[in-house]
Amino acid sequence: MKAVIIIIISILVLIAIAQIYISRSTQQTEQHGYKVIKKFDKFEIRKYTPALFSCVKLNKKGYKESSSEGFGILAGYIFGDNETNEKIAMTSPVVMELGDTSKMMFMVPKNYNLKNLPNPKNSKIVFEKQEEKIIAAIRFDGWADDEKIEKYSSILRNELVKEKLNYINKFTFLGYNPPFEVLNRRNEVVVELVNFKL
């Protein structure tokens, strides 16, 4: 019995150490830069820097239906499925525009531009430059699913109406953690604001 307890404790310790290592790795991953402009009780307003994204559009609706396929296509590209077999660093967050169709995006690391990026072998992958923008963001923990994304989209929508803030009616999901990271998961729903005065 003591041997079983020791084994269980050892496994739990190893899992905890692995999660700490994964969490540190996630924190060191290059992220899309932004500055917090204003904080409210349930959400905050951010100013995002311009960035280049690799994108794939999917004829699927919702997070559950499209997340695995989109991630697989874009991950394949950065893991070497490109014309030069070059590995490109993962960035954070993974961006998903959800609606009747879906679009998944990975930010391109800052050391790349359209001239030195390897061409994808998969013709579904395109590159998109996003300029500086103002967004509202609401955060939630745990594992993301369609119900949670819809719930927090609705909360954010209501808060923006309450604060009389105008927005483009296209809510986006941001996921910051790899699937195997269990602790301290960070998810957000964001939407771009229009005519926001700093």
Side-chain angles (χ1 to χ4, degrees), residues 25-36 43-79 82 88-114 117 120 122 124-157 160 167-179 181 184-194:
S25 176
T26 299
Q27 290 169 10
Q28 292 169 359
T29 301
E30 183 181 341
Q31 292 191 8
H32 190 182
Y34 67 84
K35 178 182 178 182
V36 177
F43 72 101
E44 65 185 21
I45 297 174
R46 303 170 182 167
K47 182 179 181 182
Y48 273 84
T49 59
L52 180 65
F53 290 84
S54 57
C55 313
V56 60
K57 291 183 180 179
L58 303 161
N59 291 320
K60 294 185 176 179
K61 185 175 181 178
Y63 175 81
K64 184 178 180 180
E65 283 191 28
S66 54
S67 57
S68 293
E69 182 182 349
F71 189 88
I73 292 170
L74 293 179
Y77 169 71
I78 68 170
F79 294 153
N82 52 65
I88 301 167
M90 184 70 192
T91 58
S92 179
V94 172
V95 180
M96 285 194 73
E97 293 180 0
L98 302 169
D100 291 332
T101 59
S102 304
K103 180 165 71 171
M104 180 173 275
M105 300 186 283
F106 289 0
M107 186 186 75
V108 173
K110 289 178 184 173
N111 57 315
Y112 287 97
N113 55 51
L114 287 173
L117 262 175
N122 190 324
K124 290 182 178 180
I125 297 173
V126 296
F127 299 103
E128 179 180 303
K129 178 74 182 289
Q130 293 191 359
E131 300 302 330
E132 180 180 274
K133 59 184 177 180
I134 306 296
I135 68 105
I138 188 168
R139 179 173 174 169
F140 64 96
D141 301 326
W143 299 92
D145 56 35
D146 288 295
E147 289 74 23
K148 284 185 181 178
I149 292 169
E150 181 53 41
K151 173 186 173 182
Y152 284 93
S153 297
S154 180
I155 293 171
L156 182 55
R157 188 181 292 109
L160 294 174
Y167 59 92
I168 296 171
N169 194 24
K170 187 169 68 174
F171 289 78
T172 301
F173 168 73
L174 307 182
Y176 288 81
N177 310 86
E181 187 170 354
N184 301 316
R185 294 190 65 80
R186 177 183 176 186
N187 310 287
E188 293 174 341
V189 172
V190 303
V191 68
E192 187 174 357
L193 300 182
V194 289

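Please read all numbers here as calculations on a predicted model, not as lab measurements.
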Report yes if the side chains of V94 and M104 come closer than 4.5 Å at any heavy-atom pair, otherwise no. yes

Can you list everything that forms a side-chain contact (heavy atoms from CB on, under 4.5 Å) with N169? Sequence neighbours excluded, please. R157, Y167, F171

Holding to ring-ring contact (aromatic ring centres under 6.0 Å, His included), I want the full list of residues that pass it with F140, two or more places apart in sequence or in another chain. Y152

R185 vs D141 side-chain heavy atoms within contact, under 4.5 Å: no

Working to the nearest 0.5 angstrom, can you tell me the gap between I138 CD1 and L174 CG? 12.5 Å

Heavy-atom closest contact (T101 atom, L58 atom, distance): CB-O, 3.4 Å

Just verifying a value: how many Å separate L74 CG and N122 CG, rounded to the nearest 0.5 Å? 8.5 Å

Please, which pairs that meet side chain to side chain donor-acceptor pair (under 3.5 Å) have at least one residue in residues 50-59, sequence neighbours excluded? none

Could you tell me whether a side-chain N or O of T49 sits under 3.5 Å from a main-chain N or O of G33, the two making a donor and an acceptor? yes

Holding to salt bridge (charged side-chain N to carboxylate O under 4.0 Å, His left out), I want the full list of residues that pass it with K151, two or more places apart in sequence or in another chain. none

Closest non-hydrogen atom pair between N187 and G142, with its separation: ND2-O, 2.8 Å

Closest approach of L98 to G62 (non-hydrogen atoms, all atoms of both residues): CD2-C, 3.8 Å

Answer whether the closest heavy-atom distance between the side chains of V189 and F43 falls below 4.5 Å. no

Side chain to side chain donor-acceptor pair (under 3.5 Å): pairs with one or both residues in residues 126-139, sequence neighbours excluded: K103-E128, E128-Q130, Q130-K133

Min side-chain heavy-atom separation I168-V194 under 4.5 Å: yes

Step by step, would you call Q31 with Y176 a side-chain hydrogen bond (donor to acceptor under 3.5 Å, both in side chains)? CA-CA 9 Å; Q31 292 191 8; Y176 288 81; 5.3 Å; no

Could you measure the distance from the CG atom of D146 to the OG atom of S67? Nearest 0.5 Å is fine. 8.0 Å

Please determine whether side chain to side chain contact (heavy atoms under 4.5 Å, CB included) holds for the pair V108 and F53, giving the CA-CA distance in whole Å, both sets of side-chain angles, and the decisive distance to 0.1 Å. CA-CA 5 Å; V108 173; F53 290 84; 5.5 Å; no

Partners of F127 by ring-ring contact (aromatic ring centres under 6.0 Å, His included), sequence neighbours excluded? Y77

Is there side-chain contact between E69 and S66, with heavy atoms separated by less than 4.5 Å? no

Give, for atom CZ of R186 and atom OG of S92, the distance between the pair rounded to the nearest 0.5 Å. 7.5 Å

Starting at CG of L193, measure out to NZ of K47 and round the result to the nearest 0.5 Å. 13.5 Å

Can you name the side-chain contact (heavy atoms from CB on, under 4.5 Å) partners of F79, sequence neighbours left out? A75

Residues in salt bridge (charged side-chain N to carboxylate O under 4.0 Å, His left out) with E44, at least two apart? R46

Sorted by chain and residue number, the side-chain hydrogen bond (donor to acceptor under 3.5 Å, both in side chains) partners of T172 (sequence neighbours excluded) come out as none

Of all residues at least two apart in sequence or in a different chain, which pass the side-chain hydrogen bond (donor to acceptor under 3.5 Å, both in side chains) check with N82? T84

Is it the case that atom NZ in K148 sees more than 12 heavy atoms from other parts of the structure closer than 6.0 Å? yes

Identify the heavy atoms of Y63 and A144 that sit nearest to each other, and give their distance. CE2-O, 3.5 Å

Heavy-atom side-chain proximity of F106 to M90 below 4.5 angstrom: yes

Given side chains that start at C-beta, do those of P109 and I88 come closer than 4.5 Å, heavy atoms only? yes

Sequence-distant partners of K110, side-chain contact (heavy atoms from CB on, under 4.5 Å), two or more places apart: E30

How far apart are the closest heavy atoms of L156 and A136, and which atoms are they? CD2-O, 3.8 Å

Are I45 and I135 close enough that some pair of their side-chain heavy atoms sits under 4.5 Å apart? no

Looking only at non-hydrogen atoms, find the nearest pair between K124 and I73 and report the distance. CD-CD1, 4.2 Å

Looking at K170 and E192, does any basic side-chain N land under 4.0 Å from a carboxylate oxygen? no

The criterion is ring-ring contact (aromatic ring centres under 6.0 Å, His included); which residues satisfy it with Y48, sequence neighbours excluded? H32, Y34

